[in-house]
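These notes are about the structure you will find just below.
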Number of protein chains: 2
Amino acid sequence: MGLFTEQGFKATTIRGIATAAGVSPGLVQHHFGTKEELRQACDEYVLGYMREQAGLGVTGRNLEKPEFIENVHRTAPPLMKYLGRALVDGSPGAAAMFAELVNVTEEHLAGDENPEADHRARAVVLTAMKLGITVLHEHVSRALGSDVYAAPAALRVGKAQLDLFRPEFLGRELFEQARKGLAKVEGER
Amino acid sequence: MGLFTEQGFKATTIRGIATAAGVSPGLVQHHFGTKEELRQACDEYVLGYMREQAGLGVTGRNLEKPEFIENVHRTAPPLMKYLGRALVDGSPGAAAMFAELVNVTEEHLAGDENPEADHRARAVVLTAMKLGITVLHEHVSRALGSDVYAAPAALRVGKAQLDLFRPEFLGRELFEQARKGLAKVEGER
DNA sequence: TGGCTTCCAATACAAGCGTATAAATCGTAG
DNA sequence: CTACGATTTATACGCTTGTATTGGAAGCCA
């Protein structure tokens with residue numbers, strides 16, 4: 001997954017993967033079959049993880065538990081980077097995930113707004129822009145001078161997003177929650 | 001450039017380029033040397049075009065002339081798509097362009113705001129999100145049901161962006177100008 | 001312990017890659 | 001008309017790629 005993330009699917013070789021894993025190329029083939037099947041396995045792992053964590057966060061009411069947040073912040077970044085690369089690498093699974101995210105966002109938006117607004121377009125643009133930071137994380141990090149997925153830069157990016165967007169679209173209460181969360185993290189540093 | 005855009009640098013072959021151009025592979029080599037030099041030539045063409053058009057638009061006061069707008073809307077999309085791909089394909093030129101865009105945006109933001117705000121982070125996030133739509137144009141188009149670079153979908157995306165962002169960050173006057181421009185285009189349809 | 005499946009590595013192979021080289025064709029100035 | 005430089009093609013070479021195949025090592029169950 002690391003090599004797919006850094007180099008893309010086509011530029012990554014099975015031999016490179018095997019070397020990085022400290023095994024023989026034949027073993028990779030034995031476990032995953034073809035290179036395309038290996039990509040699918042990676043996709044399923046990442047998308048499964050994200051759906052799982054999202055489920056745990058929302059339905060499990062874990063969003064405020066510090067250990068849950070901490071765990072996500074430690075494990076999620078490489079998977080987010082993988083998703084970002086997969087989105088531009090023509091991965092079918094990533095395309096499906098994008099569509100899912102749009103639908104979730106659209107439902108959220110449709111709740112408290114005038115019915116004539118183009119919620120669909122807003123949801124699409126919102127998720128594309130949110131994922132844009134992930135996809136371009138390398139450039140964002142360079143422009144900021146430090147890794148976006150490390151605490152300091154992530155804080156700056158989060159606050160900047162809160163500043164740039166109209167508060168209505170997060171939902172007033174969610175917006176305030178996010179603001180408090182960021183302030184709390186900032187206080188701990 | 002079309003092949004680089006659609007398949008990425010590594011997956012694109014010189015033989016494929018030659019076939020698409022209706023010439024022999026050797027000719028491509030004769031004109032551009034190596035594959036890497038060909039990429040640089042593409043980068044320079046695209047970045048040169050964008051800097052040129054941006055200069056014409058801003059300093060030449062062409063931003064309101066319909067023929068200028070129309071010309072940009074007809075020629076820019078494939079180049080934007082190329083830039084989007086180059087940004088995640090590790091192109092040095094594209095990285096430089098991203099840094100430039102951030103700097104321009106930062107200067108714009110620094111003008112009319114309280115000095116304690118993190119203009120740098122806001123500029124980075126703003127350009128990353130704006131380019132995010134370009135990079136993910138394929139997914140955006142699919143979610144919207146029509147090509148983002150065709151008039152109807154572009155209109156929806158433009159309006160959605162205007163809705164989502166706080167007006168202050170475009171500058172009040174620029175915001176109103178954009179709103180009027182979109183309304184005008186909408187009226188013509 | 002014997003036999004079987006699973007795991008892993010080594011080798012082989014055909015295809016495709018970037019690129020070097022040489023030959024052929026073309027346009028044109030003298 | 002000719003000769004020369006610029007274009008364009010054809011061919012070839014070395015390398016890497018994904019994958020098929022083979023064979024041995026390790027684990028497991030009766």
Side-chain angles (χ1 to χ4, degrees), chain A residues 1-49 78-79 81-97 135 138, chain B residues 1-49 78-79 81-97 135 138:
Chain A
M1 284 175 45
L3 292 177
F4 280 157
T5 302
E6 292 167 19
Q7 310 174 343
F9 178 72
K10 190 61 193 291
T12 301
T13 70
I14 293 194
R15 284 171 175 82
I17 294 171
T19 301
V23 297
S24 74
L27 185 59
V28 178
Q29 186 187 19
H30 175 259
H31 277 291
F32 296 97
T34 70
K35 192 182 175 185
E36 183 58 39
E37 286 175 302
L38 174 56
R39 190 236 288 262
Q40 289 177 19
C42 292
D43 282 6
E44 285 172 20
Y45 176 80
V46 171
L47 302 186
Y49 171 89
L79 305 186
K81 292 180 188 177
Y82 179 89
L83 175 64
R85 175 60 100 157
L87 276 170
V88 287
D89 238 24
S91 157
M97 165 114 285
V135 177
E138 201 174 320
Chain B
M1 283 175 44
L3 292 177
F4 280 157
T5 302
E6 293 167 18
Q7 311 175 343
F9 178 71
K10 189 62 194 292
T12 300
T13 70
I14 292 193
R15 285 170 173 83
I17 294 171
T19 301
V23 297
S24 73
L27 186 59
V28 178
Q29 185 187 19
H30 176 259
H31 277 291
F32 296 98
T34 71
K35 192 182 175 185
E36 182 58 39
E37 285 176 302
L38 174 56
R39 189 234 289 262
Q40 289 178 19
C42 291
D43 282 6
E44 284 172 21
Y45 175 79
V46 170
L47 302 186
Y49 170 90
L79 306 186
K81 293 179 188 176
Y82 179 89
L83 176 64
R85 176 59 101 156
L87 277 170
V88 286
D89 237 26
S91 156
M97 166 113 286
V135 177
E138 201 173 320

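Being a predicted model, the structure only gives us computed values, none of them experimental. First the proteins, then the strands, lettered A, B, ... as listed; each starts at 1.
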- Provide, to the nearest angstrom, the distance between the CZ atom belonging to Arg15(B) and the P atom belonging to dA10(D). 13 Å
- Note on the structure: Residues in residues 26-45 of chain A with a heavy atom under 4.0 Å of DNA chain C, by number, are Leu27(A), His30(A), His31(A)
- Query: What is the distance, rounded to the nearest whole Å, between atom NZ of Lys10(A) and atom P of dT17(D)?
  - Reply: 11 Å
- Does anything in residues 14-31 of chain A pair up under side chain to side chain donor-acceptor pair (under 3.5 Å), and if so which pairs, sequence neighbours excluded? none
- Item | pair Phe32(A)-Arg39(A): side-chain heavy atoms closer than 4.5 Å | no
- How long is the span from the CZ atom in Phe4(A) to the NZ atom in Lys35(A), to the nearest 0.5 Å? 6.0 Å
- Is there a donor-acceptor pair closer than 3.5 Å between any side-chain N or O of Thr12(B) and the backbone N or O of Gly8(B)? yes
- Task: For atom CD of Glu138(A), decide whether the heavy atoms of other residues, nucleotides or ligands shown that lie under 6.0 angstrom number more than 12.
- Result: no
- Strand contacts (DNA chain C) in residues 16-23 of chain B, 4.0 angstrom heavy-atom criterion: none
- To the nearest Å, how far apart are Leu3(B) CG and dC17(C) C1'? 15 Å
- Message: Expressed as a whole number of angstroms, how long is the span from Ile14(A):CD1 to dT19(D):P?
- Response: 5 Å
- Message: Less than 4.5 Å apart, side chain to side chain, heavy atoms only: is that true for Leu47(A) and Leu83(A)?
- Response: yes
- Polar side-chain atom of Glu44(B) near backbone of Ala41(B) as donor-acceptor pair, under 3.5 Å: no
- Message: Is there a side-chain contact between Leu3(A) and Thr13(A) in this structure, where contact means two heavy atoms from C-beta onward sitting under 4.5 Å apart?
- Response: no
